[in-house]
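In what follows, chains carry the letters A, B, and so on, assigned in the order in which the sequence lines appear, proteins first and then strands, with residues in each chain numbered from 1. Remember, predicted model here, so these are calculated numbers, not experimental data.
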There are 2 protein chains.
Amino acid sequence: MSPRQIDQNTLFEREKELLDAAMLLIKQQGVEGLTMDKLVKQVPFSKGTVYSHFTCKEDLLLGLCNRGMGILGALFMRAGKFEGTTRERIIAIHFAYLLYSRLYPMMFMLVISAKSPGVTEKSSTRNREMHLQLEASLTTGIISIITQALADGECNNPNNLAPEQIAFANWSSAFGTIALLSKDFEQCGIRAQMQSEQALLANVNLMLDGLQWQPLFSAFDYTQTLDRLRIEVFAPEVGLLDAQEQAL
Amino acid sequence: MSPRQIDQNTLFEREKELLDAAMLLIKQQGVEGLTMDKLVKQVPFSKGTVYSHFTCKEDLLLGLCNRGMGILGALFMRAGKFEGTTRERIIAIHFAYLLYSRLYPMMFMLVISAKSPGVTEKSSTRNREMHLQLEASLTTGIISIITQALADGECNNPNNLAPEQIAFANWSSAFGTIALLSKDFEQCGIRAQMQSEQALLANVNLMLDGLQWQPLFSAFDYTQTLDRLRIEVFAPEVGLLDAQEQAL
DNA sequence: ACCTATAATGACGAATCGTCATTATAGGTA
DNA sequence: TACCTATAATGACGATTCGTCATTATAGGT
């Protein structure tokens with residue numbers, strides 16, 4: 001009746017191994033350097049087995065993207081627990097997003113291509129559903145901060161935007177800023193990093209000032225918030241980045 | 001001494017023909033559908049000749065991106081001449097960017113991949129330099145509006161950002177908003193279009209309010225500005241989009 | 001009529017994706 | 001133990017793709 005059924009657990013193990021290998025390949029050779037043939041060579045399975053886990057290359061990319069969103073969700077969670085005003089917590093989330101884009105630049109970019117019809121249509125239903133779920137879980141964290149700020153009156157919201165609209169504005173601002181900055185990641189270095197952070201801070205504060213989210217930029221030293229974040233919340237990630245910097 | 005020298009003019013003609021064919025292929029089959037082999041088949045030249053115009057596929061993509069930036073520059077130029085306040089003119093530019101992203105969604109996305117090292121390193125020096133030049137010419141238009149607004153005192157700029165920083169904030173906001181919205185382009189339709197415009201308007205106004213760029217969102221009906229733009233400045237483009245809509 | 005430097009061609013090798021006929025294996029059965 | 005079978009794993013293969021380069025064609029000069 002059931003000759004040679006595979007353990008569900010080893011299935012997860014393999015998927016993990018495949019994703020690990022794929023991430024390593026991307027780190028070493030860029031997204032273009034990721035090839036199904038290379039992946040098969042890096043892994044103790046045959047091509048057929050790999051294709052039983054991911055229906056096609058796009059499905060693999062979406063799988064990587066989803067893993068990244070999981071990591072990002074964890075970062076957002078920690079950022080949201082920052083002890084400070086709601087505005088500081090929002091800034092913490094933006095900072096977490098910046099860290100993520102630095103730690104996994106390719107996965108950050110994958111979000112875009114993952115949305116393109118070329119990928120969406122081809123990839124498996126499972127990964128597509130997981131993607132939507134992850135996306136939802138990312139936004140709920142932000143929205144809870146927003147609703148709290150609206151309730152507390154910290155976010156005056158003069159234009160009467162809905163919480164979802166405010167969340168979208170935050171997301172767009174962070175995404176646009178980081179995406180445009182990331183082109184300069186080549187010329188990385190401690191100098192470029194600080195400039196990125198300043199630019200991100202400037203942009204997000206402009207938007208939050210527009211929402212009249214208290215305390216305004218002029219009434220608080222948000223640079224100090226970043227300093228606290230670097231030490232109190234994201235010390236491991238900052239350390240990792242510094243280590244990567246050293247390695248060059 | 002000079003047997004069979006090719007006319008410089010026909011060279012341009014051919015490049016135009018190649019870019020046209022490439023754009024058509026992309027429109028029909030997406031970026032992934034663009035293949036050097038297919039392009040060669042669509043065109044009365046051999047593969048070798050094509051490769052004498054573009055050193056590799058990446059170079060072709062950068063060429064397409066540059067053409068797009070030229071078009072975008074022309075749109076910006078017209079937007080900048082809108083008769084209204086400086087804030088309205090900035091909004092006009094954002095609107096132009098949205099129109100561009102709708103008319104040429106693939107070229108809009110190409111800006112991102114064009115920045116990636118995979119493309120930059122491979123493509124020809126000529127196209128890379130042209131790209132930088134186009135980028136600069138795009139920003140100068142925006143910066144001139146910003147400096148004027150700063151001089152006139154219309155943009156209070158409470159955080160004392162440099163004009164370049166303000167330009168970057170605008171660029172990021174527009175880019176992020178449109179990029180995130182574009183994922184929904186599939187479910188296009190007049191309904192989705194209007195929602196996109198409202199979202200763009202909300203985001204840009206948030207940022208401009210943060211700059212205290214007069215008149216504030218609460219003190220002016222910027223929806224009416226969009227209406228004027230649709231009729232007075234971008235009637236041809238809006239018509240084209242409507243026609244595309246009908247075709248579905 | 002002939003020569004030559006330039007332009008154009010497309011067959012080819014290498015690399016990639018994804019398939020599927022073939023082989024191997026774990027568990028059940030006599 | 002020997003055998004059977006449904007599932008899992010394999011990797012050779014066809015189809016595409018990119019980019020090259022030996023070969024062919026051509027326009028101008030002699």
Where the side chain of B:Lys47 is defined as all heavy atoms beyond and including C-beta, which of D:dA12, C:dA11, D:dT17 is the nearest nucleotide?
-> C:dA11
Which dot-bracket string fits DNA chain D when only Watson-Crick or G-U wobble pairs with both atom distances under 3.5 Å count, crossing pairs get [ ], and | stands for a partner on a different strand?
-> ||||||||||||||||||||||||||||||
A:Ser172 side chain vs B:Asn203 backbone, donor-acceptor pair below 3.5 Å | no
Measure from the side chain of A:Thr49, starting at C-beta and using heavy atoms only, and say which of C:dT19, D:dT10, D:dT20 lies closest.
-> D:dT10
Residue list, salt bridge (charged side-chain N to carboxylate O under 4.0 Å, His left out) with B:Glu135, at least two apart or on another chain = A:Lys183, B:Lys115
Are B:Arg14 and B:Phe45 in a cation-pi contact, defined as NZ or CZ under 6.0 Å from the six-membered ring centre and within 45° of the axis?
-> yes
Tell me, yes or no, whether the heavy-atom count around A:Gln133 atom CD, taken from other residues, nucleotides or ligands under 6.0 Å, exceeds 12.
-> no
Atom-pair distance (CE on B:Met36; P on D:dT17), nearest Å | 12 Å
Tell me whether the centres of the aromatic rings in A:Phe108 and A:Tyr97 are closer together than 6.0 Å.
-> yes
Could you give the CG-to-C1' distance, from A:Leu61 to C:dG18, as a whole number of Å?
-> 15 Å
Does a sphere of radius 6.0 Å around NZ in A:Lys122 hold more than 12 heavy atoms from other residues, nucleotides or ligands, not counting ones at 6.0 Å or beyond?
-> no
Write down the atom of B:Leu180, the atom of A:Trp171, and the distance for their closest heavy-atom approach.
-> CD1-CD1, 2.6 Å
Starting at NZ of B:Lys122 and ending at P of D:dT20, how long is that distance when rounded to a whole Å?
-> 11 Å
Has the side chain of A:Ser173 got a donor or acceptor atom that lies under 3.5 Å from a matching backbone atom of A:Met207?
-> no
Whole-Å distance separating the CD atom of B:Glu58 from the C1' atom of D:dG19 | 11 Å
Check each residue of residues 38-46 of chain B for a non-hydrogen atom within less than 4.0 Å of any atom in DNA chain C, then write out the ones that pass by number, or none.
-> B:Phe45, B:Ser46
Sequence neighbours left out, what pairs pass salt bridge (charged side-chain N to carboxylate O under 4.0 Å, His left out) with at least one residue falling in residues 22-37 of chain B?
-> B:Asp37-B:Lys47
Among residues 11-34 of chain B, which contact DNA chain C at a heavy-atom distance under 4.0 Å?
-> B:Arg14
In whole angstrom, give the distance that lies between atom NZ of B:Lys57 and atom P of D:dT20.
-> 15 Å
Using distance only, find each side-chain donor-acceptor pair of residues 57-70 of chain A under 3.5 Å and give its atom names and separation, not counting sequence neighbours.
unit_1, atom_1, unit_2, atom_2, d
A:Lys57, NZ, A:Leu34, O, 3.1
A:Asp59, OD1, A:Ser124, N, 2.9
A:Asp59, OD1, A:Ser124, OG, 2.9
A:Asp59, OD1, A:Asn127, ND2, 3.0
A:Asp59, OD2, A:Thr55, N, 3.2
A:Asp59, OD2, A:Ser124, OG, 3.4
A:Asn66, OD1, A:His131, ND1, 3.0
A:Asn66, ND2, A:Asn127, O, 3.1
A:Arg67, NH1, A:Asp20, OD1, 2.8
A:Arg67, NH2, A:Asp20, OD1, 3.3

Atom of B:Ser113, atom of B:Val119 and distance for their closest heavy-atom approach = O-CG2, 3.2 Å
Can you tell me the distance, in whole Å, between the CG atom of B:Asp37 and the P atom of D:dA15?
-> 15 Å
